[in-house]
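Single-structure report; data block below.
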Amino acid sequence: SQDQEAALTEYGKHLGLVFQIADDILDYTADTAELGKSVGADLKEGKLTLPVICSLARAGDSDRRRMEEIIANPQFTQTDFAELVGFMEKYGGIAYARQKALDHMHEAKTRLKLFSASDTLDTLMLMADYALNRRS
């Protein structure tokens, strides 16, 4: 039905947001072997993702300037990267992004309430959980 189609469209939109935000978080929290790509890769490519944006917005002037120095240098060191992650933890950027991903996961699942219990529904629910909790 059109209602089911709309529900699945919204589910897919929210699932995609969960997956992307979780990926953004992993860039700062996973290790390279687990992630399958270099941690900090998004940052080296000049991508400002939700955890960074939130942290920059919350940081005091001095910390924000230091964060901007690290971000502006694509050759940042592991020490610089660890310092940036420390700022992101201090200012809650990672926690904020995780909460946003969790909100989208719940929203995705809510869209599926229109459907009757089935193996397919169970799979879609599990996909939402996986998108948030994956490690790579």
Step through the shown structure and confirm whether more than 12 heavy atoms of other residues, nucleotides or ligands are within 6.0 Å of CD on E45.
yes
Could you see if L50 belongs to whatever hydrophobic cluster contains L102? Use Ile, Leu, Val, Met, Phe, Trp, Tyr and a side-chain cutoff under 4.5 Å.
no
Value rounded to 0.5 Å, distance of CG in L48 from CG in L56:
7.0 Å
List the steps and the verdict of salt bridge (charged side-chain N to carboxylate O under 4.0 Å, His left out) for D80 and R66.
CA-CA 10 Å; D80 293 335; R66 178 62 184 136; 2.9 Å; yes
What distance separates L17 CG from K13 NZ, expressed to the nearest 0.5 Å?
7.0 Å
Measure the shortest side-chain to side-chain distance between Q99 and D103 over non-hydrogen atoms and say whether it is less than 4.5 angstrom.
yes
Hydrophobic cluster membership, with links at side-chain heavy-atom distances under 4.5 Å among I/L/V/M/F/W/Y: are M88 and L43 in one?
yes
Does the side chain of D129 reach to within under 4.5 Å of the side chain of K109, using non-hydrogen atoms?
yes
Please tell me if the side chains of L112 and L8 come closer than 4.5 Å, counting only heavy atoms from C-beta onward.
yes
Do the non-hydrogen side-chain atoms of D3 and L114 ever get within less than 4.5 Å of each other?
yes
Contact summary for M105 and A128, nearest pair of heavy atoms:
CG-O, 3.6 Å
Is the backbone of A22 close enough, under 3.5 Å, to the side chain of R134 for a donor and an acceptor to pair up by distance?
no
How about S116 and L121: do any of their side-chain heavy atoms sit closer than 4.5 Å?
no
Under 3.5 Å: donor-acceptor pair, side chain of N73, backbone of E69:
no
Applying the 4.5 Å side-chain criterion to the ILVMFWY set and letting contacts propagate, would V18 and Y130 be lumped into a single cluster?
no
Check ion pair E68-R64 (N to O, under 4.0 angstrom):
no
Where P51 and S55 come nearest, the two heavy atoms and their spacing
O-OG, 2.8 Å
Minimum heavy-atom distance between C54 and G92, given as atom pair plus value:
SG-O, 4.4 Å
Considering only NZ, NE, NH1 and NH2 on the basic side and carboxylate oxygens on the acidic side, decide whether D63 and K90 come within less than 4.0 Å.
yes
Minimal non-hydrogen separation, I94 against Y28, with atom names
CD1-CB, 4.3 Å
Side chain to side chain, M127 and Y11, heavy atoms closer than 4.5 Å
yes
Cluster overlap L26 with L132, hydrophobic side-chain contacts below 4.5 Å:
no
Backbone N or O of D42 within a donor-acceptor pair of the D27 side chain at under 3.5 Å?
yes
Within this structure, what is the CD1-NZ distance for the pair I71 and K47, rounded to the nearest 0.5 Å?
15.0 Å
Indicate the atoms forming the closest heavy-atom contact of A131 with L15, along with that distance.
CB-CD1, 3.7 Å
Can you get from F19 to L124 by hopping between Ile, Leu, Val, Met, Phe, Trp and Tyr side chains that sit under 4.5 Å apart?
no
Kindly check if the number of other-residue, nucleotide or ligand heavy atoms within 6.0 Å of CG (D119) is above 12?
no
For a quick test of reading the model, state the closest non-hydrogen atom pair linking Y91 to G60 and the distance between them.
OH-N, 3.5 Å
Quick one, K44 and F76 - any side-chain contact, counting heavy atoms below 4.5 Å?
yes
For F87, does the CZ atom sit with more than 12 other heavy atoms under 6.0 Å from it, leaving out its own atoms?
yes
